[in-house]
Amino acid sequence: MSTETQAVSADGTAGAPVPEFTTDEMMTVAASRSLRDGTACFVGIGLPSTAANLARRTHAPELVLIYESGTLGTKPDRLPLSIGDGILADTADSVVSVPEIFNYWLQPGRVNTGFLGGAQVDKYGNINTTVIGGDYADPKVRLPGAGGAPEIAASCQEVLIVMRQSTRSFVESVDFVTSMGYGRGGDDRQRHGMTGRGPVKVITDLGMLEPDPDTRELTLTHLGPDIEVEQVREATGWPLQVAEELSVLQPPTDHELSVLRELKATIGGTS
Amino acid sequence: MSTETQAVSADGTAGAPVPEFTTDEMMTVAASRSLRDGTACFVGIGLPSTAANLARRTHAPELVLIYESGTLGTKPDRLPLSIGDGILADTADSVVSVPEIFNYWLQPGRVNTGFLGGAQVDKYGNINTTVIGGDYADPKVRLPGAGGAPEIAASCQEVLIVMRQSTRSFVESVDFVTSMGYGRGGDDRQRHGMTGRGPVKVITDLGMLEPDPDTRELTLTHLGPDIEVEQVREATGWPLQVAEELSVLQPPTDHELSVLRELKATIGGTS
Amino acid sequence: MSRIRQLDVAVSELVGDGDVVALEGFTHLIPVAAGHEIIRQGRRDLTLCRMTPDVIYDQMIGAGCARKLVFSWGGNPGVGSLHRFRDAIQHSWPVPLEIEEHSHAGMANRYTAGASGLPFAVLRGYAGTDLPEHTESIKTIECPFTGEKLAAVSAINPDVGIIHAQQADREGNVQMWGITGVQKETVLASKRSLVTVEEIVDELEPRPGSVVLPKWAVTAVAEVPGGAHPSYAQGYYERDNDYYQRWDPIGRDRERFQQWLDTEVLNVERSAR
Amino acid sequence: MSRIRQLDVAVSELVGDGDVVALEGFTHLIPVAAGHEIIRQGRRDLTLCRMTPDVIYDQMIGAGCARKLVFSWGGNPGVGSLHRFRDAIQHSWPVPLEIEEHSHAGMANRYTAGASGLPFAVLRGYAGTDLPEHTESIKTIECPFTGEKLAAVSAINPDVGIIHAQQADREGNVQMWGITGVQKETVLASKRSLVTVEEIVDELEPRPGSVVLPKWAVTAVAEVPGGAHPSYAQGYYERDNDYYQRWDPIGRDRERFQQWLDTEVLNVERSAR
């Protein structure tokens, strides 16, 4: 629950002055950039909500924000603290019931992007937010559970996973599959009749992983600015595959950072 | 489609002056009286709508009127011409979607009384509003079809059938079962897993039929004022059972008649 | 993304011969002008879906647009029968008409399944009736928990769903109110959708009981004032009950119908705005 | 017919030991005062249903009201874990807590089935997850038309459904607006229902986006101003975010919790009006 505050300095581009930023800010900005303008995004609270609202204020003004509380096309002027803040209803194109948001809007694959995170993710992008250790009936740690995640994972056209990377959270195999990524890899999603593509990116504080086109094993494809491959390997609980052509994430621009920081200052407040 | 206009004079009660009324008026008043105050009634257009609105203006001011267009608890100040007139939405407690009116309100058995009519009814209260003569693919007469009737017949706590009586309409066995009454009699409804009781009364221009408690065959229990049993037998397409204790319907009161006639004058108009 | 179009352009872009087309509107907000435009463009072999195929479908069937009708109640509400519909079924005029017949509850649930991305819906329906015998899209299903037998109906996912609403804004967000029937489900179940509206406004003012369809859930919007006549648009105009009465003798007679078609639909250029 | 009652009278009339009880409200309009009244009346062995058992269920579980929890997400939104919930599951304190765990989509559909008088609902859900292995109310069903395999969930029909709304009129008709979650379904699925409201008004003025429950669909109404605190009631008061933060250290510690229970719930007479 601690916020990563270690500041790193990144290589600038084309002589622009290099702003200082945290790895969490880099992660949020990378998530934000993954959202295309004019698409619809199913937003959970916390980092996904921050990233989606950042995108709407920068490169994607026509991004459609959908919260599982039933608010379609919300345009909050501040960051909500919960997925059901009043500001979300006040600024929505339409507020529908919870059964409707899942049945009419999520389930048929109308939503382009879903955001997920969790306590554990494994090398096939499966996510655990249910129990850790012991067994289901007598767990070591009881987590909140599924919420909207299993069906977001199944039915959004694509899923972005956003999580801080550590050997505790990036494990060979999750203790409990709350939300399916690529199952046991390969075409396991198709065998389960899933309509969405699954997790296309895992964005972390250290870089970005993408599924191998055949095996679907998560593979490191991008490093965060000033992050070394070895750091990422050490924070991963399985022998990490690394892409032959490894890129580096563009650091946040001044504009992205200032909008992000203004946004964060508004969280849960009254405007 | 012709309206019965033959006036009959009835025996009065307790020395009150006897108003003149038509057999159709008697039928509407009898239907109206069958609606208990404070209950909910699923109303179709035509006579059921007239009877329900008459009841609301006489003995049942708290009658809840539900139309299949999605209007719950409407209080129209005039008779609507269709089940979807604007006046029904304007005066409703709530307007819901058509899927909701069937799934959330009709299907669970929340509605006390459903009204049905049709081109044919048989001795077990099964109704045909689909095809007459020939076979289904090549019928002699094609009728409008089912509408809301099959599920009204199945799920309302009880059903009132209101139809003018003739050998053409009261047949031994309907050409097509659009809405099930008692099927082939006895406990056939239970075998079909139906939750509602089925047709408890068939109100006609000649009197009233009720199902035998065991066989469920429709049995004449009430005569209209000045109607003879023989008239009813002649208008029935099967050998009609007659109850041992045959009653006579109370003629419409002055008040009922005047309210009914005022109501009929408002049909489809703008107020 | 919904786009504002002329009615004729939208219909020609969205509706093709052989398509499955649903024009919905339950008594209120019936997309009549769009139906007439389909007639004018000479579309053929359509599978027409509609819970209550009233006068507009009688006209489209009489004009020879339809190969098949999927419906639950085919009548002229408050008046009587639909004679073009009967003539097509009983005498194959002007072309044979196949039918797929349901109850209202069944049709409503078929659209709901379509809007929900499910292949079927479950309801307490059709029990003891002769409908399942003649309609392949009704089957029996068993509850996996209680063993109870219920009805299953297959989803409807039209190629094109067409509805009429009171308003859209300039971006194509749609708002309707009053009796809204099964219109949201129709748009969401359809691969493509067209909403005709009474007017395009600068901003949709939220209203009690309104249904809003965001622009990204609608393919095209066309401004067609009076586009629901002879049905009504709450807040704009009342139902033209006389029209429904007058339709009866026109629909009864093939020649009078043909004459009506020529003078009222084919040789007029309605709606383009 | 709904009847206007005092909160304590309504709870004592409607909620008994061993009942299946659902308190619903999705972030907004959570019936917290009613939950506290259930604690105060010492109800035991309840099966508590709620999509998001947040602070109010943490309190009821910690107070020993529950034998079983039916849920889809158990956390303190925006803050972290529910420690009374964890303590009950991990250490059976104060009593063992059985769980029946779903996803949001599954729970929403279970209420929908319950409201619809159906024994089950169908959804595209749970595929590839470990939930069905541990939850008997999730099964697989095959589409009778396409052969596709989908999830089926059994209906929830609570003995008592409890929600909070902004307003009722003097006859007991209820109106709520803003985020209305699964509250309508909860009331319609339940054998008995209680709606606490911010205020009782002479007449309900129709509002955009409002959900209306007619009096005959509700068993009892109680006027409880502030009855959703620390959640919010749109148009009346904002969410008390500090309360959710402050709950974390109280919920973490059995003794602090017990103290809180004594001073804030058991020995106060809130709500009666």
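Chain naming here is simple, since letters A, B, ... match the order of the sequence lines and numbering starts at 1 in each.
Interface with chain A: from residues 132-146 of chain D, residues D:H134 qualify, criterion being any non-hydrogen pair under 4.5 Å. Residues of residues 107-115 of chain D lying under 4.5 angstrom from chain A, judged on non-hydrogen atoms, are D:A108, D:N109, D:T112 by number. Taking 4.5 Å as the heavy-atom cut-off, the residues of residues 177-190 of chain D that approach chain A are D:G178, D:I179, D:G181, D:V182, D:E185, ordered by number.
Ranked by heavy-atom pairs under 4.5 Å with chain A, the first of D:E101, D:K149, D:H28 is D:E101. The candidate with the highest count of non-hydrogen atom pairs below 4.5 Å against chain D, out of A:P150, A:G84, A:G147, A:G145, is A:G147. Note on D:V211, D:L82, D:I89: by heavy-atom pairs under 4.5 Å with chain A, the leading option is D:I89. Ranking A:R189, A:E100, A:R184, A:K140 against chain D, the residue ahead of the rest is A:K140, based on heavy-atom pairs under 4.5 Å. Per-residue counts of heavy-atom pairs under 4.5 Å with chain D were compared for A:P99, A:A149, A:G193; the largest is that of A:P99. When the candidates D:P53, D:G74, D:G75 are compared by the number of heavy-atom contacts under 4.5 Å with chain A, D:G74 comes out ahead. Interface summary for chain A: among D:P77, D:A127, D:P208, the most heavy-atom pairs under 4.5 angstrom belong to D:A127.
The heavy-atom pair separating D:Y232 from A:G86 by the smallest distance is OH-N, 3.0 Å. Scanning all heavy atoms of the two residues, the minimum distance from D:S103 to A:A146 falls at CA-CB, 4.0 Å.
Enclosure of atom CZ in A:R191 by more than 12 non-hydrogen atoms of other residues, nucleotides or ligands within 6.0 angstrom is indicated. For A:R261, the CZ atom is densely surrounded, since the number of other residues' heavy atoms within 6.0 Å is greater than 12.
With a threshold of 4.5 angstrom between heavy atoms, A:V96 does not approach chain D through any atom at all. Heavy atoms of A:E68 lying under 4.5 Å from chain D belong to its backbone as well as its side chain. Only the side chain of A:N103 comes within contact range of chain D, judged by heavy atoms closer than 4.5 Å. Contacts of D:R239 with chain A are made by side-chain atoms alone, with heavy-atom separations under 4.5 Å and no backbone atom involved. Interface remark: A:T71 contributes side-chain atoms only to the contact with chain D (heavy atom separation under 4.5 Å). For chain D, the nearby part of A:L143 is the backbone; its heavy atoms alone come within less than 4.5 Å. Contact of D:F71 with chain A is made through the side chain alone, with heavy-atom distances under 4.5 Å. Of the atoms belonging to D:L150, not a single heavy atom falls under 4.5 Å from chain A.
Distance check, rounded to the nearest 0.5 Å: CG of A:D85 to CG of D:N241 gives 6.5 Å. D:T129 contributes atom OG1, which lies 8.5 Å from atom NE2 of A:H192 (distance to the nearest 0.5 angstrom). A:L81 contributes atom CG, which lies 7.0 Å from atom CD of D:Q245 (distance to the nearest 0.5 angstrom). Atom CZ of D:F26 and atom CD1 of A:I83 lie 4.0 Å apart (nearest 0.5 Å).
By the side-chain hydrogen bond (donor to acceptor under 3.5 Å, both in side chains) test, D:Q59 pairs with D:H36, D:Y243, sequence neighbours left out.
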After noting the C-alpha distance and the side-chain angles of D:L131 and A:F176, does the key distance pass the side chain to side chain contact (heavy atoms under 4.5 Å, CB included) rule? CA-CA 9 Å; D:L131 284 161; A:F176 188 100; 4.1 Å; yes
So A:Q107 and D:L123, side chain to side chain contact (heavy atoms under 4.5 Å, CB included) or not? Walk me through it. CA-CA 8 Å; A:Q107 184 166 267; D:L123 71 155; 3.5 Å; yes
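Side-chain atoms of D:Q90 never come within 3.5 Å of backbone atoms of A:P139 as a donor-acceptor pair (strictly under, hydrogens ignored).
Residues D:T27 and A:S82 are in side-chain contact: their nearest non-hydrogen atoms beyond the backbone lie under 4.5 Å apart.
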